[in-house]
Trainee: 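One structure coming up, written as structure tokens, with questions to follow.
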Amino acid sequence: RSCEKRPFSLSRSCVVQRFASMASAVLPLELIDKCIGSRIWIVMRGDKELVGTLRGFDDYVNMVLDDVTEYEITPEGKRVTKLDQILLNGNNVALLVPGGSPNYD
């Protein structure tokens with residue numbers, strides 16, 4: 001039987017096969033590293049989203065962004081704030097979209 005037909009199999013051959021396929025996978029921090037110098041859309045927990053150019057990050061996904069546009073949804077409507085540079089705490093990041101931007105018009 002193949003390992004695909006037994007997704008929870010702990011046989012040695014299936015475990016070795018899964019680790020071999022994982023070795024070619026892209027790790028999350030590697031993907032973020034490829035985005036340095038590019039625009040990135042960040043969806044935060046809560047009602048904020050940011051779009052900016054990623055300049056750097058650390059293992060906690062704290063990020064330095066340039067040319068940032070912050071979108072905040074309030075009871076009064078959408079608030080847009082332009083910022084030159086920010087240091088973003090990674091604790092509240094829910095989603096990163098490389099090259100993306102919200103469709104607020």
Trainee: What residues form a side chain to side chain contact (heavy atoms under 4.5 Å, CB included) with Asp84, not counting sequence neighbours?
Mentor: none

Trainee: Please check this pair: side chain of Asn62 against backbone of Gly90, looking for a donor-acceptor N/O pair closer than 3.5 Å.
Mentor: yes

Trainee: Looking at Arg79, I'd like to know if its CZ atom is crowded, meaning that more than 12 non-hydrogen atoms belonging to other residues, nucleotides or ligands lie closer than 6.0 Å.
Mentor: no

Trainee: Just jot down the side chain to side chain contact (heavy atoms under 4.5 Å, CB included) partners of Val61, sequence neighbours excluded, or say none.
Mentor: Leu29, Ile32, Met63, Leu96

Trainee: For a 4.5 angstrom cut-off between non-hydrogen side-chain atoms, does Thr69 reach Val80?
Mentor: yes

Trainee: How far apart are the closest heavy atoms of Glu49 and Pro102, and which atoms are they?
Mentor: OE1-CB, 3.5 Å

Trainee: Hey, is CG on Asp59 packed in by over 12 heavy atoms from elsewhere, all under 6.0 Å?
Mentor: no

Trainee: Mind checking what makes side chain to side chain donor-acceptor pair (under 3.5 Å) contact with Asn91, not counting sequence neighbours?
Mentor: Asn89

Trainee: Test of understanding: clusters of I, L, V, M, F, W, Y form through side-chain heavy atoms closer than 4.5 Å, transitively. Do Met44 and Val51 belong to the same one?
Mentor: no

Trainee: Run the salt-bridge test on Lys78 and Glu72 with the 4.0 Å N-O cut-off and return the result as yes or no.
Mentor: no

Trainee: Excluding sequence neighbours, so at least two apart, what forms side chain to side chain contact (heavy atoms under 4.5 Å, CB included) with Ile86?
Mentor: Leu50, Leu65, Val68, Leu83, Leu88

Trainee: From Cys35 SG over to Leu54 CG, what is the distance, rounded to the nearest 0.5 angstrom?
Mentor: 6.5 Å

Trainee: Is there a continuous path of hydrophobic side-chain contacts, each under 4.5 Å between heavy atoms, that joins Leu95 to Trp41?
Mentor: yes

Trainee: Are Tyr71 and Lys48 close enough that some pair of their side-chain heavy atoms sits under 4.5 Å apart?
Mentor: no

Trainee: Can you pull out every side chain to side chain donor-acceptor pair (under 3.5 Å) where at least one residue sits in residues 27-37? Sequence neighbours excluded, please.
Mentor: none

Trainee: Using the test side chain to side chain contact (heavy atoms under 4.5 Å, CB included), find all partners of Ser38 that sit at least two apart in sequence or belong to another chain.
Mentor: none

Trainee: Does a side chain donor of either Arg39 or Thr53 reach within less than 3.5 Å of an acceptor in the other side chain?
Mentor: yes

Trainee: Give the cluster check for Ile40 versus Ile36: same hydrophobic cluster or not, with ILVMFWY residues linked at side-chain heavy-atom distances below 4.5 Å.
Mentor: yes

